[in-house]
Structures are given as C-alpha cells and as structure tokens.
A.B. asks: 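Mind looking over this structure? Questions follow.
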Protein chains: 2
Amino acid sequence: MDCVRRRASSVADDRLTPRAREIVEAARAVLEESGPGSLTMRSLADRLGIKAPSLYKHFPDKSAVEVELIALMLTESAEACEAAEAATPGSLAALTTAYRDYALAHPHLYRLGTERPLPRHALPPGLEDRAAAPLLRVCDGDGDLARAAWAFAHGMVILEINGRFPEGADLTGAWKKGTEALHS
Amino acid sequence: MDCVRRRASSVADDRLTPRAREIVEAARAVLEESGPGSLTMRSLADRLGIKAPSLYKHFPDKSAVEVELIALMLTESAEACEAAEAATPGSLAALTTAYRDYALAHPHLYRLGTERPLPRHALPPGLEDRAAAPLLRVCDGDGDLARAAWAFAHGMVILEINGRFPEGADLTGAWKKGTEALHS
DNA sequence: GTCTATACCCGGATAGAC
DNA sequence: GTCTATCCGGGTATAGAC
C-alpha cells in the first residue's frame, strides 16, 4: 500500500491552485495570530501584500476560504491522532492526549473547525470518516462509546480554550479521570 | 433558613431597574429567536418599540446586556440542575438529563453563556459556585471527576447544537454510555 | 426616558481598467 | 492576477433637544 504515499501537506492538496493554497496559508496565519474576529478579506489581503478585491479571483467569497481552513484543521488533527495510534495502538489516553495537544496548539483554528455544522458537501470526500476512525478503532467499533469519548475530549478542550475552568486549575486530573472511566 | 426565600426570578433580581429587566428579557427573546448574530442594539430596540440610542440610558454598552444574559443562563441552568437533584438525589443521569434538556431548549442562550470566559467580576457573587455545586455533590466532592463529567455533558450538548454529529444520529446511547462510565 | 441626527468605523463584495 | 474606485449595508455609540 505504500505506493499510495500520503503527502504531509500543510494545506489540502489538489483541490486548490498553488496561489489559492498560499492564500489559505496566509488565512491560517492571520487566524491563529489574531483570532477569528480579525480574519477579514482586507487583513488577509494585507498579509499577502495585495488588495482585498484580488482575493475574489481565487475564491468566490470568504466562506470558501473558511471551508479550506476547516478542512485543514480536520486533516491535521486526524494526522495527529493517526500518529498517536501508530505509536501506542489501542490506547485511548494516547489518543486524547494527541487530540488535546493539537487543539491547544491551534485554538482559533480548532474552534473554527468545531463551532459550526460541517460543510460536508464542500469537504474532501472521506475526511470526516478519517478524522473519526482512530477513536472508533480504540472503542472497538462501539459508536456510542466513541461519541461519548469525543464529547468528553472536545468538552475538555473547548472549555479550556474558552477559559471556563477556574483560574490556573490543573486539568490533568480531570483528563485522567475521564479517560480512565471511558477507558476502552 | 427559609427566611431567605429565593425568588424564581425570570431575570436577575435587584441588580437591575425594572426597565433594565424588560430590556434583558427582550434581548433574550431576540437572541433565542434569531441567534447571536441578530442581537444588535438596533434589533433589541426594535423589539422594545424604541430607538437604539435610548438603550444607552439603561446600559453603558452592549456587553453589559450580554453579561446579564449570561447571568440569566447560569441561574436558570443551576435551577434546572437543583430541581433534578431534589427529585433524584445522587443521580448523575438525572443531572445530565436536566442539563441537556435545558441547553437544547435554549441553544443560543446556552452558547452565549459558555463560549467565552466568564465575566466573573460582573456576575452575582456565588453564582458560578452555585451552578457547579449539584454536579460536585453527585461526584462526592471529587473535583476532577466533576470537571470530567461537566466536559462530557458540555461536549455532548455543544456538538449537538453545532450540528456536528452525523445527520439524525440517535445520541441517547452515547449519553448513556458516558454517564454510566463516569457513573458516580 | 425617549427622540432625531449623526459620526464613525468596519465588513463583504462588484465593476472595469491595466 | 492585480489594481483603483466604489457601493452598500451594518454595527456601536454620542450629542443635544424635548
């Protein structure tokens, strides 16, 4: 199967022209540095050294750019989970740790990719399943358990990103308790 | 202690003038009907039959209105959980069910109350603790477990609100699995 | 406590020249 | 593929009269 070598692309592959890929990378940089409220067509153009109207030669509208960012996040977090699974097969703890680390390293991107319904029709085929697969394998195909574990991990991550836990609370205990309870 | 009877206020108590309370109730209605993007000072004024600038006689700015909405959400969800605890003491399932029901009945309000850091300085004293107390009691004072259970419940709720689970997936199985695993 | 008028800023997006 | 010029809408918020 290694004839189908998978590229560790920083931005989704053939779906985009080279220039469009550069734009998405710039959008990602703006988003991660300054948050979603600062990602505008103007700020994006500024970072690229062009004017905002030029962007519309490459994307029909802003939401098309955002879709690519969402696809990017899903791909990267799937890759992170696949790597964790490869390193420590069958471990829910390894998976949740990888998931947490990725999300906290890219909070704005993670949020963008989870705060709205998936634009399924516009995503690369199979991406959603790919992102879900490692967790489902760890749960031995138990979809209910996998969803519960996902909810736990997402809840922990997003509550932390949103600053909802008290002050400097140490959350490793909560991660441990939850992961062990759902264990697998 | 019943000399300190607690009112089942629809909007936070003495913190606000009667007119300000009406404004918050209108804001709640707009938010729940049309979503956060539609809650503007203009739309809020429209619903009240006044002009937007008049609102600034009652609130210094828009965020002050939002703080009241957040306080409202926390109070109501705490009340829902307290009622569930009173009806079925010691049951995590009863608690998560009440939490879920409240959140899904008021998705926009719930989201507003969880998507950003708590404005702790502006909230009624003790409200955050009150909201956390029932879950902490069910977890026998185990803070790590309580946080894990909260993350699970919030994750389930917010992923459902955000339309992230596949199509018409039945989630009761996942709720059951997660609640039993964290059991208490 | 409400009004009118208005300032101010910012966003997405289009037309048409080069 | 980029530009300039521009439109259009929408938001928060203030000043000052009544």
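Chain A is the first sequence line, chain B the second, and so forth, proteins listed ahead of strands; every chain is numbered from 1.
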A.B. asks: Over how many whole Å does the gap from B:Arg21 atom CZ to C:dG1 atom P extend?
C.D. replies: 13 Å
A.B. asks: Side chain of A:Pro53 only, please: which of D:dA13, D:dC3, C:dG1 is the nearest?
C.D. replies: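 The answer is D:dC3.
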A.B. asks: How is B:Gly49 classified with respect to the nucleic acid when contacts are heavy atoms under 4.0 Å: base, sugar-phosphate, or nothing?
C.D. replies: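 Result for B:Gly49 = sugar-phosphate.
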A.B. asks: Please determine whether a side-chain nitrogen or oxygen atom of A:Ser54 lies at a distance below 4.0 Å from atom OP1 or OP2 of D:dC3.
C.D. replies: yes
A.B. asks: How many whole angstroms separate atom CG of A:Leu44 from atom P of C:dG12?
C.D. replies: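 Nearest whole value for this atom pair: 10 Å.
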A.B. asks: Starting at CE of A:Met41 and ending at P of C:dG12, how long is that distance when rounded to a whole Å?
C.D. replies: 7 Å
A.B. asks: Nearest to the side chain of A:Arg19, heavy atoms from C-beta on, is which of C:dG1, D:dT2, C:dT4?
C.D. replies: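 Nearest nucleotide to the side chain: D:dT2.
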A.B. asks: B:Lys62 NZ to D:dG11 C1': how many Å, rounded?
C.D. replies: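 B:Lys62 atom NZ is separated from D:dG11 atom C1' by 8 Å.
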A.B. asks: Rounding to an integer number of Å, can you tell me how far B:Asp61 CG sits from C:dC8 P?
C.D. replies: 20 Å
A.B. asks: As a test of reading the structure: which of D:dT2, C:dA13, C:dT2 is closest to the side chain of B:Ile50, going by heavy atoms?
C.D. replies: C:dT2
A.B. asks: Determine the interplanar angle of the B:Phe152 and B:Trp175 rings, folded into 0 to 90°, and report it as parallel if under 30°, tilted if 30 to 60°, perpendicular if over 60°.
C.D. replies: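 Perpendicular.
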A.B. asks: Taking for each residue the nucleotide of DNA chain D with the nearest heavy atom, is it A:Lys51 or A:Arg42 whose nucleotide lies nearer the 5' end?
C.D. replies: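 Counting from the 5' end, the first nearest nucleotide belongs to A:Lys51.
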A.B. asks: How long is the span from the CZ atom in B:Arg164 to the CD1 atom in B:Ile158, to the nearest 0.5 Å?
C.D. replies: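 It is 11.5 Å, given to the nearest 0.5 Å.
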A.B. asks: Go nucleotide by nucleotide along DNA chain C from the 5' end; which of A:Gly37 and A:Pro60 gets its closest nucleotide reached first?
C.D. replies: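 Counting from the 5' end, the first nearest nucleotide belongs to A:Gly37.
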A.B. asks: Answer yes or no: is there a side-chain heavy-atom contact under 4.5 Å between A:Leu74 and A:Leu118?
C.D. replies: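 They are in contact (side-chain heavy atoms under 4.5 Å apart), so the answer is yes.
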A.B. asks: Give A:Lys57 one of three labels, base, sugar-phosphate or nothing, depending on what nucleic acid heavy atoms sit under 4.0 Å from its own.
C.D. replies: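 Base contact.
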